[in-house]
Amino acid sequence: MDYHKLAELLFPHITETPADMEAKYPPRKLPEGAKVTRFAPSPTGFVHFGGLFPSTVAERLAHQSGGVFYLRIEDTDAKREVEGAAQGLIKTLATYGIRFDEGAVLDENGDITDKGAYGPYKQSMRGPIYQTYAKQLVMEGKAYPCFSTEEELDELQQINKKEAIKNTDWQAEAEARRAETLARRSITLEEAEEHIKAGHPFVLRILANGDPEKKTKFTDLVRGALEIPENDEDFVLLKSDGIPTYHFAHAVDDHLLGTSHVIGGEEWLPSLAKHIQLFSYLGFRLPKYMHISQIMRLDENGNKKKLSKRDMGANMDDYTGMGYSPEAVCEYVMTLLNSNYEEWHSKNADKPYTDFPFNIKKMSVSGCLFDFNKLGDVSKNIISRMSADEVYAKLTAWAEKFDPDFAAQLTADPAYTKKILAIGRGGKKPRKDLTTWLDAKPYMGFFYDPYYTMVDGYPANFEKEDIIATLEKFLETYASGDAMNEWFDKIKAIAESLGYASDMKAYKANPSAFRGNVADISSFIRVAVTGKQNAPDLYTVMQILGEERTRVRIAAQIADLK
RNA sequence: GGCCCGGUGGUCAAGCGGCUAAGACACCGCCCUUUCACGGCGGUAACACGGGUUCGAUUCCCGUCCGGGUCACCA
């Protein structure tokens, strides 16, 4: 077989050589130890939690080492591409603090454009580059054309499709594949010429020379020593539209763009054999690989499953709607990614997570379950550490988007809202009332008249009359100028006058001697003023609400109860 | 089914041949407290199983079992 002739036949339009490409994409000049990483999503939808994971690692590793982190759009599958997905991806990533030094970026019109010297960063625009290397492989007898149509292939592979897999005769299937491969490889130059003349499309396949019985030793940066069987599958390099498959694009691009560390989910592990072979065929140095464990969820049978598109928490765009701030999500990701993050964080509470020395060695090799409890805890702590001003800014920004009505209330009187948000905040041990922004309305809504309603109702074991009597007495003595002690002394006095214990110890010693205790009295007033049994410190609540509104609410309650 | 990767409490996890097997979240109890929360104290709960190697295995090796991934002109 005259491989040169075949190569010319297949790629007549390619006149450049790999050497020309190397000249266009010279090695990067970076300091020793600087890592070059990338995030390479295919624009088929939203950013998935399982995608934020590796991209966070990639971003940290690059920026922590003074390297380069770039975004490459893997739009090699036109069929699956979703309009506007790439733009969405970039925006979402940005909200999670994933910033790229280079690659596909948004211009002022929101369109995708290139930034950096190694572009284009959209693979669909790099066709000739891949074809240059493809031509080279053909010339070296390492790749060959396959003119089978997709339909023929489908038929042949039907037994290999997922559903059929379980019930197949594996022996026979394997033999069929082998025979098929042999038949494909036996194509002659003359046959190829005829096909080309007839205008038949073709895919380019690698001529695999591996023996799966033989294993290659391989070191994965997170998983350690691995044994990879050699590849014997003639997988597709170029699709019939001349665009590469992931495997080929990965080899060419990561070589040309100087990627030092390839970071991906462990679902990529099985295709490593292909990549090792391809890099070797191409004469490229293999980058370092890290395969990150996947995020799982529990299915209805209690089994772990990879967190997929439909699952709660999968779409990164959902978190803001659920009231989680990006910081919380990022920090949660860090706790999953590096087991010693939490320890570091407790010692460096005031520092951003980007100051944390991210360590590959501390990454887990076993997959983990997504845990909303933990995310909630992280989120709660973050919010508790914020100043009232900060909470105000973030909460109102959130509400403007997701609850405009609430936002209008919050911003009508900023000083008032900030007073509310300042409750229990700022000390060494701040209150942790808000897990997400979604909690804000139920927690503090009663401060705003439109949201003031009876959510809880009064304690069940008291009569209406008890409550009315308490409220009436309270109105008689209440004065908003009272200091906290005076205010509470008055409540105690009411308790006593009505036959309730003002002293909790006395009450506990002999409960039957009293109608109730001062806590009950407080709770009547609390419910009347806030509509809820759980609220921040009542005295403070009244101070913020002001005497007039406090009185109006209590009076209304009395009228209501009567 | 082949191949690959995993397996410490409910969850995330320290551990790297010798420990009463950390910690965090969740859960439970007590204390503090005019409610709730916060906080403090305490508690329940784990090395999948069977063989080796070793004076000694959670730790090293093998097997079993279990879980996950993957087997496209998708990435």
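Chain letters run A, B, ... following the sequence lines, proteins first and then strands; every chain starts at 1.
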Original post:
What residues form a side-chain hydrogen bond (donor to acceptor under 3.5 Å, both in side chains) with A/Asp75, not counting sequence neighbours?
Top reply: A/Ser124

Subject >> With sequence neighbours excluded, residues passing side-chain hydrogen bond (donor to acceptor under 3.5 Å, both in side chains) with A/Lys505 >> reply: none

Between the protein and nucleotides 65-68 of chain B, are there any N/O to N/O pairs under 3.5 Å, and if so, what are the atom names and distances?
from: B/rG68; atom 1: OP1; to: A/Lys304; atom 2: O; distance (Å): 2.9
from: B/rG68; atom 1: OP1; to: A/Lys305; atom 2: NZ; distance (Å): 2.7

**OP:** Can you sort out the partners of A/Lys490 under side-chain hydrogen bond (donor to acceptor under 3.5 Å, both in side chains), two or more places apart, ordered by chain and number?
**Re:** A/Asp482

For nucleotides 14-16 of chain B, tabulate all protein N/O to nucleotide N/O atom pairs closer than 3.5 Å, reporting atom names and distance.
from: B/rA14; atom 1: OP1; to: A/Ser339; atom 2: OG; distance (Å): 2.9
from: B/rG15; atom 1: OP1; to: A/Lys362; atom 2: NZ; distance (Å): 3.3

**OP:** Just jot down the side-chain hydrogen bond (donor to acceptor under 3.5 Å, both in side chains) partners of A/Asp489, sequence neighbours excluded, or say none.
**Re:** none

Let me check something: any side-chain donor-acceptor pairs from residues 287-296 of chain A under 3.5 Å, sequence neighbours excluded? List them with distances.
from: A/Tyr289; atom 1: OH; to: A/His250; atom 2: NE2; distance (Å): 2.6
from: A/His291; atom 1: ND1; to: A/Asp220; atom 2: OD2; distance (Å): 2.5
from: A/Ser293; atom 1: OG; to: A/Ser364; atom 2: O; distance (Å): 3.0
from: A/Ser293; atom 1: OG; to: A/Val365; atom 2: O; distance (Å): 2.9
from: A/Gln294; atom 1: NE2; to: A/Glu267; atom 2: OE1; distance (Å): 2.5

**OP:** Applying salt bridge (Lys or Arg N to Asp or Glu O under 4.0 Å), name anything that partners A/Asp520, two or more places apart in sequence or on another chain.
**Re:** none

**OP:** With sequence neighbours left out, write down each residue that passes ring pair (Phe, Tyr, Trp, His ring centres under 6.0 Å) with A/His247, or none if nothing qualifies.
**Re:** A/Phe235, A/His275

Output one line per pair: protein atom, nucleotide atom from nucleotides 30-34 of chain B, and distance, for all N/O pairs under 3.5 Å.
from: B/rU34; atom 1: O2; to: A/Ser522; atom 2: OG; distance (Å): 2.7
from: B/rU34; atom 1: O4; to: A/Asp537; atom 2: OD1; distance (Å): 3.4

**OP:** For residues 366-376 of chain A, pull every pair meeting salt bridge (charged side-chain N to carboxylate O under 4.0 Å, His left out), keeping only residues two or more places apart or in separate chains.
**Re:** A/Glu342-A/Lys374

**OP:** List in chain and number order the residues that pass salt bridge (Lys or Arg N to Asp or Glu O under 4.0 Å) with A/Asp234, two or more places apart in sequence or in another chain; answer none if no residue qualifies.
**Re:** A/Arg185

